[in-house]
Structures are given as structure tokens and as C-alpha cells.
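Working notes, beginning with the structure itself.
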Amino acid sequence: MPYNFKKTAQKPERFTGGHRMCAGCGAPVVVRTVLRALKTEDHAVVANATGCLEVSSSIYPYSAWKDSYIHSAFENAAATVSGAEAAYVSLKKQGKIPYDAKFIAFGGDGGTYDIGFQSLSGAMERGHDMVYVCYDNEAYMNTGIQRSSSTPKFADTTTSPAGSVIPGKLQYKKDLTKIMAAHGIPYVGQSAPMKNFRDLYEKSEKAIYTQGPAFLNVLAPCPRGWRYDTAIMMELIEIAVDTCVWPLYEVVNGEYHLSYKPKNKRPVEDWLKPQGRFKHMFIPQNRHLIDEFQAYVDKEWDNLLKLCGEK
Amino acid sequence: MLRQIDPDVVAAFPITPSTEVPQYFSQFVANGQVRTEFVAVESEHSAMSACIGAEAAGARTMTATSSQGLALMWEMLYIAASMRLPIVMTTVNRALSAPINIHNDHSDAMGARDSGWVQIYNENNQEAYDSLIMAIRVAEHADVQLPVMICYDGFITSHSVENIMLLEDDLVKSFVGEYKPQYSLLDKEHPVSMGMFDLPAFYFEHKRQQAEAIKNAKQVLIDVQNEFAKISGRQYGLFEEYKLDDADIAIVIANSTAGTAKDTVDMLREQGVKAGLLKIRLFRPFPADEIVKALSHVKAVAVMDKAEGFSAAGGPIFVDVRSAMYGKADGIKVINYIYGLGGRDVGVYDVKRVYDHLQTIADSGQIDNLYNYLGIRE
């Protein structure tokens, strides 16, 4: 059945309003879209790494989660949900669970690229039937905007501040999506909640209903950390995709497929300019930083086109 | 014993000397002798995390570890207990690094004594076997709902060949019974949120409930042990008293060295010395009143710790015993001995030196050295 935004949007919400996420935050948009891809009749067990999403959606005695939800610690959402999945396999075999359950972990980039990386790698390698969703906002936002291995080069964060000598973070962003693809798992997708949400919805559906481990890396802007006008969040996501800073693609059983190729690849200034974290790159003597950023994006995009057989 | 309990999930990582527990168990899995899902995780941190996920999903879940493995689990031990998940773990006691050492002492489990787990220490394989079966019942009891750690000595107990009495498979199965969790992540009709963000309005009350739960574990253990005695003929207490009734001098000690020390007691008794012993079994919760009562008639006590607490004020068991006695058994001389760290052998005559020291104190009424190291080269 072809994707129909109106119909999918009418499915019952599994992540309710009333949570305490910021206005203009990408994470709850990602969560709602991913959970919407579940079949209405399927039960979901959601594990959540410590982070903004966790502290804002599960403040005792309130919960924004209509499915079963577990948070245990920062670095182990993958291991925690893998245990729940093992319980399901065992109890299902014993005839104690008469319905289908799906296992989804949500973590920010800190809980995924950094501290949770080992746990994620282990769970993916073991082959649990689960989906790990990283909502990537490119820094430790919950603790107050500290750099992570997902923070892009030159971004100004509280632990990679742009100073008079050092122009923000000195290292490139870790390419986690490709690292997860290298695990040889059946499904890896890089996505973003944009336009009619089709890309993220369809990738979520594939990830959830592919037997075995799946990984989704989803761009989720953070107005506090990125310092953009909250009203432009959806537009900013489109710019990330159209500048090829955040390309949309998937790796199905080891094969790379490009999901979207911009008709007009926009310059990286369009991406950098609306965000306060890159402000220092626009002072005249720092022009070379923008050039370096552009050269890096071009190189990575070119590599991806080759991997996807588009070049 | 793991095969007989046949848990729904085991998640474990190899570490000396507990490796054989998951290793032999995975063979039972491979041969289809158990229904368990075995999760061969990539670290002990993930082992405990997966146990938490599995237990929260309503599966009877077990694991095993030692030393650094337990240390790596540390964060998750507290979370398992505070989420009230009745996981059962065998802790095969081994010294902590650094320097790295694979042999036995109790520094690993003593480091986890405040994590909210029920801790039961065991002298030999028979006791460890019996305790593990009983641990399931204690952990899952509605008044407890807490994880239980069954501790026994690495190599000395874990790798020794002993004759033990096994119960029939069916008997173990009916004794542990079916696990019926009150809440489960897999209960579609009653979805739950677990591990919530708990602010000052509720956190304190939740900790108070948890404190009550571990307090309850004492009576539950007594009841379960009495029931176990009926099927096994082996009766356990909160601790074991060995020739303590009429003793003038006594030591308090946990795990395998208690066996050695019983030989010392026998030897001294033959010489007319009124020596006795109290073997720690349930350490968390700490049966303070019962221990004080059992020691109330002695003149001098040496509490022996196979862990250095680095408090400069005595080892962990000493601190608890002495604190329990304060105001209730004043006048009894209490000293501390640290012994056997990193697997340093302690024999019958080593323990005799402790009793000799106690005799001097009992005779003189004076404590010369409060804190002592047994057989150390200073």
C-alpha cells in the first residue's frame, strides 16, 4: 500500500502529548513517527537511554508512553531491550505470550555514538529481533550541550567552545550509520523527519518488521544546542538533506540504496548560517572553515554516491 | 543447579573463576536440556543490563560473575535492586585489581554490600547449591522483590571437587515453582513504564519502601529455609553457630575459611579452650540483633574480614558486628583481623593464632591491637 500521510497520521498516538520536551525539538517528532509505523495490534517494548527524551517523557508518576517502557541507565538501552527480547523469545516458546511484541530502543547520540556504543554493537552482533533508533542531535544536550563524537567539526559546544585560538570542535563527526552497516545486520537506515514523514515512516516500518537487528540513525535538531529559531525546525531538516550534510539512505542486507538525491545541492552555508553553534565560522577570517566544511561534505557525498551505485 | 532451576533467561560474560557457570550451562542450552534463552553478552555491564530487561519482561533471570565483572556491573546492581527485579546471581568471590589477581577474597562482593541486593555467603558447594535454589524463592517473594547474590569462594569452593547431595529435578522444579511477576513489560493488557525519572516528591518514599523490602528478606529467608529443610533434611539459619553456646572466645567469619576455622575450634576444644565460631550467612540484610544475642555471652570476639575496607577503621564485617554490639553487648572485647587477601592461604594454625590472641585479651581484659592482619609480612 502506498504511503498515505493522512492515514498514518490518524493512527492512534503511542507517544502522547504532555511530555516536557522543548518547543522546536526534533526528538518527539522522531519518536511519534517511528512508533506510528507499528501495526496497531502489535505490543511494543520501548527501552530508552538516559537523556532529554527519557527525563522529559517519564516523570513519575506520569508517562508519555502508551506501550511498555523501560529506562535503566545511559549506556545500555540496547543491552536492556535485548534482555527483554530474550525474555519474549523464551516465554513465547513456552506458550506464555499469545501475541506479537516488538522491541525498540531510543537513545540520543551521546547514548549511542559514545557511551552506549559497546552495548549497541554487542546487541546488534547477537542478532536480537530489535530496532535501535538514535535520535541524533549532535551533542550531549541534556547535560547542557557538551560535544559528543557525533558533534560536527567546528561546532561550538560547552566542551568544544569556539575561542580566539580554537574554532570549536576539532574532530569530524563519527560516521555511525556506516559503522552499523559494517555489522552486517539486515537493515540500517539514515533518515530524518521531513516533509510528509514518508522517509522516516517507511524506514521505521522496514526496521521494525525486518527479522533481526536493525538500526536507524535519525537527525533530530535541538534548538538549545544548535541555537536556531524553533519555528524553522522542519525547514532546517530539509536544508540538512538538501545540502547533503545529512543524506538519506539505507543499507539492506549489505546493499546501499540512496533514498533521496537533491535536484539542486545547496551550499553548506545554508545549513550553517541559521545555527548559532556555527556563528564563528562566518567572521571573515574564518572563511576557510566553511570551505573545509564544504569540501568534507562533498567528499562524503561522493563516497556515498559510489557506495549506492549512483556514480 | 542452574539446569534444575531452568530459568527463562541467563545473560552472562566469562570471567575467572565464575566462567564455568555460564560455560557448563551453555552446553545444557546447546543440548536442549533447558528452555532458557542464553544471552552471551559482550560485557558484565551488558550482562546485568540484559538481566534487568529480561526480568522486567517477566522472565526468571539468572547470571554469574566474579571480581572485575561484579565491579563493572556496579552501576547496574543498584538499578536492578532499586527497580525491584528479583534476579539471582552467583558471585564467585575473587580479589579485585590492582594488582590483578585471580584468587579468592571477598573484596568484590563486599564492594556491592550496599547495592540493595540480598547477600548470602556460603561455606562449601553443598551450601551454595542449597542457597541458590532457595534464593529464587526469597528474591521473588511478594514481600521482597529484590535481587539475591549467592557468594562463595573462587577456586577454594568453585573449583573443588566435593560430594554433595543433589535434590531430584522434579523436587527443585516444584520448590522454585512457576514465576508469576506482578508487572511485566510483555503484558500487553497492562503496559507499564519502569525506571522512571523520580523527583524529590517521590524518590525518598521509594527508597523507604526498598529498605522495608530488604528488611523483609530476613523473615522470608527463615521461612524458605524451614520449608527447604523439609524437602532436603538440611536446615540453615541466618548464620551458623559452631560450638558457640558455651564459648569464651569466638570468631566471626564468612565462606570457606569457616570450614578451616571449625577444625581449629575442634583442636582447641580438645585442649580445653572454650573456642566457638559464628559463620556469616545472611549478610544483607544484616541480622544484627540475632548476631549480638548469639555473641552476648563471650568474653572476646575476633571479626575476620577477607576484604580490606580501606576505612582505616576495620573491615566491612567488623564494622557491622561491632556497631551492632554497641550499647547491647558492651564489655565484650571485639577486634578485627584482615586475612587471606588475594588468595593467601589460611590454615588451621593460622586461625589458631587468632584464638590465641583472643585468649590473651580475654585473660587480661585489655585489647592491645584492635586492627590486625593475619600472617602478614610487615
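The structure displayed is predicted, hence computed values, not measured ones. Letters A, B, ... mirror the listed sequences (proteins, then strands); counts begin at 1.
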Do you know which of [options] has the most heavy-atom pairs with chain A at a distance under 4.5 angstrom?
options	answer
B:Glu55, B:Met48, B:Arg60, B:Met196	B:Met196
B:Leu185, B:Asp187, B:Val9	B:Leu185
B:Glu75, B:Met194, B:Met83, B:Lys188	B:Lys188
B:Thr61, B:Asp198, B:Val39, B:Val192	B:Val192
B:Ser46, B:Ala57, B:Ala54	B:Ala54

If you draw a 6.0 Å radius around [atom1] in [X], do more than 12 non-hydrogen atoms from other residues or ligands fall strictly inside?
X	atom1	result
B:Gln182	CD	no
B:Lys207	NZ	yes
A:Arg224	CZ	no
B:Tyr183	OH	no
B:Tyr203	OH	no
A:Gln10	CD	yes
A:Lys66	NZ	no

Exercise for the section: Determine whether B:Ser193 and A:Ser58 make a side-chain contact, defined as any pair of heavy atoms from C-beta on separated by less than 4.5 Å. Expected result: no
Practice task
Find out whether B:Met76 and A:Ser72 are in side-chain contact, i.e. whether some heavy atom of one side chain is under 4.5 Å from a heavy atom of the other.
Solution key: yes
Problem - Residue among A:Ala84, A:Gly122, A:Ala101 with most heavy-atom pairs under 4.5 Å to chain B - result: A:Ala84
Fill in the blank from the handout: Most heavy-atom pairs under 4.5 Å with chain B, out of A:Val55, A:Val45, A:Val81, A:Ile59, belong to A:Val55
Practice task
Run the ring-centre check on A:Tyr60 versus B:His206 and record whether the distance is less than 6.0 Å.
Solution key: yes
Toward chain A, the part of [X] with a non-hydrogen atom under 4.5 Å:
X	result
B:Ala201	neither
B:Ala56	side chain
B:Ile79	side chain

Handout entry: Rounded distance [0.5 Å steps], OG1 in A:Thr50 versus CZ in B:Phe197
Key = 10.0 Å
Please classify the contact between [X] and chain B as side chain, backbone, both or neither, with a heavy-atom cut-off of under 4.5 Å.
X	result
A:Tyr88	both
A:Glu85	neither
A:Leu91	side chain
A:Lys96	side chain

Handout entry: Worked verdict on A:Asn76 versus B:Ile52 for side-chain contact (heavy atoms from CB on, under 4.5 Å)
Key = CA-CA 10 Å; A:Asn76 63 350; B:Ile52 286 169; 5.7 Å; no
Practice task
Classify the side-chain pair B:Asp8/A:Gln94 by whether it contains a donor and acceptor separated by less than 3.5 Å.
Solution key: yes
Problem - Side-chain donor-acceptor contact under 3.5 Å, A:Ser121 with B:Glu42 - result: no
Problem - N-O pairing of A:Lys92 and B:Glu37 below 4.0 Å - result: no
Problem - Main-chain N/O of A:Ala79 paired with B:His45 side-chain donor or acceptor, under 3.5 Å - result: no
Handout entry: A:Lys93 (side chain) donor-acceptor with B:Thr36 (main chain) under 3.5 angstrom
Key = no
